[in-house]
Amino acid sequence: MKKKNLRKTILKIHKVLGLVTGVVLFIVAITGCLWVFKEEIEGFSDTYKNVTSREVNFLSASTIKAIAEKEIPNKEIHGVVYGAKNEALEVIFYEATPKLFYQSLFLNPYTGEVLKRIDHDSGFFAFVLKGHMRLWLPEAIGSRVVSYSILLFFTILITGLFLWWPKKKKNRAQRFKFQWKETTRWKRKNFDLHTIVGFYVSSFSLIFAFTGCVMAFNWFYFIAYKATGGNKDPRFVTPNSKNIVTANNQNTYDQLIPQLYKKHKEAKTFELHYPANDSTSILVEMSNSEGLYYNMDYLFFDQNTLEEIETNSIYGKYENADFADKVIRMNYDIHIGSIGGILGKFIAFFTSLICASLPMSGILLWYGRKFK
């Protein structure tokens, strides 16, 4: 009797949470599905990034900065991405307040010619991301609704797994595969689609929900880091320079990128961040793999001497990362499936697509039982 009451209680929790969050989870899953192959889709039309390679150095970082600021005045440069010798430079402008400004200028690294200007806050994928992050609602409202819905999704998945387990041993085979006949009614088919398909994607769904919560909640992020044995500063910390920049030693970052190209020949890209003031260090994000972020090296340099500065943050050199650091640094790559290459992206795509179907089949189950 107690087991029967427990099952009824769990079913009620599963049903209520599913109905409350169903629309939100559907939107988040569909938009996540569309986002997975963003880079591959955009790659079909990015020929503007190609330039003719030359046996000369790129324009200096200070010259690039002056050209970009003239093209887009009164906006803050987030960083400059340097790629291969036959690729355009990308100058990224980003300001979160008072209104989001997120644009990129693509420049010829040898001549400074502006090849293209892109507004990342408009277009199809910007629309998709706004739906995924905040349901196209104002940020303060939409982001909270999405965050807590994903947190509740954990409970939905766990209660669903409990309910998936059949009460009778002879019915277990029916929960692993479809056994449809010509006489099978659509209600049974819908039930099987919800339970069998839901079971097979549940493990991946839990992973994607977990990584989503790491990005959504600071407290979840810190708990995840500490629970895996982390003992460094989990925040992104830019250390200060050891020396104050003098008038004779300004723009030392002009020398930095050529040095890094010679020292790290296997690197894919270098993203230079101009120092915010005279006391902060110069940050360079060095990418070591195409399409992956977790194994990037975050390098900090003294503005005056270009001496490399070590950091106690998890965002330093990847070779110094321990297990807990890697778990956090891999979070985004796991969330979009890129950690597993093209296969991982397909898994993320189909998992998201199936997750979008679960609220629909669940609502049909509820409706059929409620109204017979």
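What you see below is based on every heavy atom in this structure, not just the backbone, and it leaves out hydrogens, waters and symmetry mates.
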Seminar exercise, completed: Only residue of Phe101, Phe125, Tyr102 satisfying ring pair (Phe, Tyr, Trp, His ring centres under 6.0 Å) with His120 is Tyr102
Exercise. Does Ser357 reach the main-chain N or O of Ile354 with its side chain, forming a donor-acceptor pair under 3.5 Å?
Worked result: yes
Exercise. Under the side-chain contact (heavy atoms from CB on, under 4.5 Å) criterion, do Phe162 and Leu6 qualify, and how do the steps go?
Worked result: CA-CA 11 Å; Phe162 179 88; Leu6 176 63; 4.2 Å; yes
For this session: Answer yes or no: is there a side-chain heavy-atom contact under 4.5 Å between Val214 and Tyr332?
Result: no
Exercise. Would you find a donor on one side and an acceptor on the other, under 3.5 Å apart, between the side chain of Asn331 and the backbone of Thr211?
Worked result: yes
Exercise. What do you reckon, are the aromatic ring centroids of Tyr261 and Phe270 less than 6.0 Å apart?
Worked result: yes
Exercise. Got a second to check how far Asn288's CG is from Thr269's OG1, nearest 0.5 Å?
Worked result: 8.5 Å
Exercise. In terms of the angle between their ring planes, are Phe178 and Trp180 parallel, tilted or perpendicular, with boundaries placed at 30° and 60°?
Worked result: tilted
Problem set entry | Pi-cation contact, Trp186 with Lys189 (under 6.0 Å, within 45°) | no
Exercise. Distance-only, no hydrogens or angles: does the Asp302 side chain make a donor-acceptor pair with backbone N or O of Thr305 under 3.5 Å?
Worked result: yes
Exercise. Quick one: does Thr252's side chain get under 4.5 Å of Phe301's, heavy atoms only?
Worked result: no
Problem set entry | Close side-chain approach of Lys15 and Arg369, heavy atoms under 4.5 Å | no
Problem set entry | Heavy-atom closest contact (Asn312 atom, Lys232 atom, distance) | O-CB, 3.2 Å
Problem set entry | CD-CE distance between Glu266 and Met286, expressed to the nearest 0.5 angstrom | 10.5 Å
Problem set entry | Ring-ring centroid check Tyr110 Phe58, cutoff 6.0 Å | yes
Exercise. For atom CE of Met133, is the number of surrounding heavy atoms from other residues, nucleotides or ligands below 6.0 Å larger than 12?
Worked result: no
For this session: Indicate the atoms forming the closest heavy-atom contact of Thr228 with Ala324, along with that distance.
Result: OG1-CB, 3.4 Å
Exercise. Which heavy-atom pair separates Thr184 from Gln179 by the least distance, and what is that distance?
Worked result: OG1-O, 4.3 Å
Exercise. Can you get from Ile64 to Ile77 by hopping between Ile, Leu, Val, Met, Phe, Trp and Tyr side chains that sit under 4.5 Å apart?
Worked result: yes
For this session: Start with the C-alpha gap between Phe106 and Ile118, add the side-chain angles, then the distance that decides, and say whether side-chain contact (heavy atoms from CB on, under 4.5 Å) holds.
Result: CA-CA 8 Å; Phe106 289 89; Ile118 292 178; 3.7 Å; yes
For this session: Compare every heavy atom of Ile27 with every heavy atom of Gly131, then report the nearest pair and how far apart it is.
Result: O-CG2, 3.8 Å
For this session: Take Arg235 and Phe222 through the test side-chain contact (heavy atoms from CB on, under 4.5 Å) and record every step on the way to the result.
Result: CA-CA 9 Å; Arg235 300 169 299 170; Phe222 282 95; 4.1 Å; yes
For this session: Establish whether Phe346 and Ile41 are linked, either directly or via other cluster members, by ILVMFWY side-chain heavy-atom contacts under 4.5 Å.
Result: yes
Problem set entry | Residues, nucleotides or ligands: over 12 heavy atoms within 6.0 Å of Phe199 CZ | yes
Exercise. Could you give the distance from CE (Met330) to CD1 (Ile339), rounded to the nearest 0.5 Å?
Worked result: 4.5 Å
Problem set entry | Side-chain (Ser60) to main-chain (Thr63) donor-acceptor, under 3.5 angstrom | yes
Exercise. Does Phe154 CZ have over 12 foreign heavy atoms under 6.0 Å away?
Worked result: yes
Problem set entry | Cluster overlap Leu17 with Ile150, hydrophobic side-chain contacts below 4.5 Å | yes
Exercise. Does Asp297 use its side chain to pair, donor to acceptor, with the backbone of Tyr318 at less than 3.5 Å?
Worked result: yes
Exercise. With a cut-off of under 6.0 Å to the ring centre and 45° to the axis, is Lys116 in cation-pi contact with Tyr48?
Worked result: yes
Problem set entry | Note, Phe153 side chain near Val28 side chain (heavy atom, < 4.5 Å) | no
Exercise. To the nearest 0.5 Å, how far apart are CZ in Arg188 and NZ in Lys181?
Worked result: 11.0 Å
Problem set entry | Flag side-chain contact, heavy atom, 4.5 Å: Gln103 against Lys75 | no
For this session: Dump the intermediate steps for side-chain contact (heavy atoms from CB on, under 4.5 Å) on Cys355 and Leu25, then the final yes or no.
Result: CA-CA 8 Å; Cys355 282; Leu25 294 176; over 6 Å; no
Exercise. Would you say Asn277's side chain and Thr280's backbone share a donor-acceptor pair under 3.5 angstrom?
Worked result: yes
Seminar exercise, completed: To the nearest 0.5 Å, atom CG of Leu89 lies from atom CD of Glu87 at 9.5 Å
For this session: Please answer: with hydrophobic residues joined when any side-chain heavy atoms are less than 4.5 Å apart, are Ile334 and Leu151 in the same cluster?
Result: no
Problem set entry | Closest approach of Phe236 to Thr238 (non-hydrogen atoms, all atoms of both residues) | CE2-OG1, 3.7 Å
Exercise. More than 12 foreign heavy atoms under 6.0 Å from NZ of Lys12: is that the case here?
Worked result: no
Problem set entry | Side chain Ser241, main chain Gln303, donor-acceptor under 3.5 Å | yes
For this session: Would you check if the side chain of Lys130 reaches a backbone N or O of Asp121 as a donor-acceptor pair within less than 3.5 Å?
Result: yes
Exercise. Does the side chain of Val51 come within less than 4.5 Å of Leu115's, by heavy atoms?
Worked result: yes
For this session: Begin from the C-alpha positions of Phe217 and Tyr148 and carry the test ring-ring contact (aromatic ring centres under 6.0 Å, His included) through to its verdict.
Result: CA-CA 9 Å; Phe217 300 103; Tyr148 286 104; 5.2 Å; yes
Exercise. What about the rings of Tyr315 and Phe300, do their centers lie closer together than 6.0 Å?
Worked result: no
Exercise. Parallel, tilted or perpendicular for Phe127 and Trp136, by the 30°/60° rule?
Worked result: parallel
For this session: Answer yes or no: is there a donor N or O on one side and an acceptor on the other, between the side chain of Thr97 and the main chain of Lys99, under 3.5 Å?
Result: no
Problem set entry | Transitive ILVMFWY side-chain link Leu206 to Leu152, under 4.5 Å | yes
Problem set entry | Heavy atoms from other residues, nucleotides or ligands near CG of Asn218 exceed 12 (cutoff 6.0 Å) | no
Exercise. Is any side-chain heavy atom of Lys65 less than 4.5 Å from a side-chain heavy atom of Tyr253?
Worked result: yes
Exercise. Can any side-chain N or O of Asn86 pair as donor or acceptor with the backbone N or O of Ser53 at less than 3.5 Å?
Worked result: no
Exercise. Is the ring centre of Trp164 less than 6.0 Å from the ring centre of Phe176?
Worked result: yes
For this session: Kindly give the heavy-atom pair with the smallest separation between His194 and His14, and that separation in Å.
Result: NE2-NE2, 4.0 Å
Exercise. Are Glu76 and His78 linked by a side-chain donor-acceptor pair shorter than 3.5 Å?
Worked result: no
For this session: Look up atom CZ in Phe93 and atom CG in Asn74, then write down how far apart they are to the nearest 0.5 Å.
Result: 10.5 Å
Exercise. Just wondering, do Leu292 and Ser338 contact through their side chains at under 4.5 Å, heavy atoms?
Worked result: yes
